[in-house]
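Every heavy atom of this structure was used, including side-chain atoms; hydrogens, water molecules and symmetry mates were not. Residue numbering restarts at 1 for every chain, and letters A, B, ... go by the order of the sequence lines.
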2 protein chains.
Amino acid sequence: MDQVEIFKALSNKTRLQILNWLKEPEINFPGQAEHVGFEDGVCVGQIQLKTGLTQSTISEYLSLLQRAGLVQSVRKGQWTYYRRNEAAFETLSQLILTKV
Amino acid sequence: MDQVEIFKALSNKTRLQILNWLKEPEINFPGQAEHVGFEDGVCVGQIQLKTGLTQSTISEYLSLLQRAGLVQSVRKGQWTYYRRNEAAFETLSQLILTKV
DNA sequence: TTGGTATATCGGGAAATTCCGATATATATT
DNA sequence: AATATATATCGGAATTTCCCGATATACCAA
């Protein structure tokens, strides 16, 4: 867990926004087809739509968040679903109190 | 308290190092004259010496950390002493659990 | 006032980040 | 196979960050 990489990942308004939206996917991404559910998270396209930035940008932001360990992803068919890694935030919260 | 600014401030190895050193000034800055004490923190020159970077860089890093609210400073004579703002870290730790 | 020391600010080159459009890849459908 | 859709990757312009040397400012001492 590279502290600097984590803080860099969090140093962007759009990425913070995405992380926050992913706390309540059913509320923030009502557009995601009902039959899909939110167990695996939200697909890239839904997130992209909501940010208004381009698909390539959001795809890169999401994989950056994943490299930092803040989200996890699953590929299902042509979709990739991203969800928060809550454990990482708890670890980070503690890390700030003990190691920063 | 601007989240992005705080995370940017933490997105640098040297600045994280400085914050960590400031947790135990007496251990990490034995060079600071005894009669001065550490109540107000550590002066810029001591921090600069320990990092090996230039004076201007460290002066800027410290004021950046201060703008982010992570440290506080006092000017005493020709010296400026910097110390951690522990409350900011506690707030940040909580903020990660609730707002990120 | 003159000179010395500590810190802050300025200007800038190199590297990293932001975000884009174009293109490639993966999967599903027909 | 051909087509369509979702995502990933590539190349790059604009901006920001990193860190420097030079210079300015603040304070102290003689």
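- Here the C1' atom of nucleotide C:dT7 and the OH atom of B:Y61 are 17 Å apart, to the nearest Å.
- Of the residues in residues 20-27 of chain B, none has a non-hydrogen atom less than 4.0 angstrom from any atom of DNA chain C.
- C:dA16 atom P lies 17 Å from atom NZ of B:K8, rounded to whole Å.
- Judged as a side chain to side chain donor-acceptor pair (under 3.5 Å), and not counting sequence neighbours, A:T80 has no contacts.
- A heavy-atom distance below 4.0 Å to DNA chain D is reached by these residues of residues 44-52 of chain A, ordered by number: A:V44, A:G45.
- Side-chain polar atoms of B:S11 and A:S11 form a donor-acceptor pair below 3.5 angstrom.
- Scored by the salt bridge (Lys or Arg N to Asp or Glu O under 4.0 Å) test, A:K76 finds A:D40 as partners (sequence neighbours excluded).
- Atom P of nucleotide C:dA6 and atom CD1 of B:I58 are separated by 16 Å, given to the nearest angstrom.
- Using a 4.5 Å heavy-atom threshold, the side chains of B:I18 and B:Y82 count as separate.
- Side chains of A:R83 and A:V74 form a contact here, defined as non-hydrogen atoms less than 4.5 Å apart.
- The side-chain heavy atoms of A:L19 and A:L10, taken from C-beta on, include a pair separated by under 4.5 Å.
- At least one donor-acceptor pair closer than 3.5 Å links the side chain of A:Q48 to the backbone N or O of A:L53.
- If you measure from atom CZ of A:F7 to atom P of C:dT17, you get 16 Å, rounded to the nearest angstrom.
- For the segment residues 9-16 of chain B, the set of residues with a heavy atom within less than 4.0 Å of an atom of DNA chain D comprises B:S11, B:N12, B:R15, in numerical order.
- For the side chain to side chain donor-acceptor pair (under 3.5 Å) test, residues two or more places apart in sequence or in another chain that qualify with A:S93 are B:S93.
- Rounded to whole Å, the distance from CG on A:L53 to P on C:dG21 is 11 Å.
- At the phosphate of C:dA8, OP1 or OP2 sits under 4.0 Å from a side-chain N or O atom of B:Y82.
- Residue pairs meeting the salt bridge (Lys or Arg N to Asp or Glu O under 4.0 Å) criterion with at least one member in residues 12-26 of chain B: none, sequence neighbours excluded.
- Counting only heavy atoms from C-beta outward, the side chains of B:I47 and B:F29 approach each other to under 4.5 Å.
- Within the 3.5 Å criterion, the main-chain N or O of A:C43 finds a donor-acceptor partner in the side chain of A:Q32.
- Between the C1' atom of C:dA16 and the CG atom of A:D2 lies a distance of 15 Å, rounded to the nearest Å.
- Listed by chain and residue number, nothing satisfies the side chain to side chain donor-acceptor pair (under 3.5 Å) test with A:S59 (two or more places apart in sequence, or in another chain).
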Could you go over nucleotides 28-30 of chain D and give all protein N or O partners under 3.5 Å, atom names and distances?
none

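- Here D:dA6 presents its P atom at 10 Å from OH of A:Y81, a figure rounded to the nearest Å.
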For nucleotides 9-14 of chain C, tabulate all protein N/O to nucleotide N/O atom pairs closer than 3.5 Å, reporting atom names and distance.
residue, atom, partner, partner atom, Å
C:dC10, N4, B:E60, OE2, 3.0

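- Scored by the salt bridge (Lys or Arg N to Asp or Glu O under 4.0 Å) test, A:E86 finds A:R84 as partners (sequence neighbours excluded).
- In this structure, the CG atom of A:L62 is 14 Å from the P atom of C:dT18, given to the nearest Å.
- B:N12 is listed as a side-chain neighbour of B:Y61, based on a closest heavy-atom distance under 4.5 Å.
- Every pair tested for salt bridge (Lys or Arg N to Asp or Glu O under 4.0 Å) that includes a residue from residues 52-61 of chain A fails, sequence neighbours excluded, so the list is empty.
- At least one side-chain heavy atom of B:F89 sits less than 4.5 Å from a side-chain heavy atom of B:L70.
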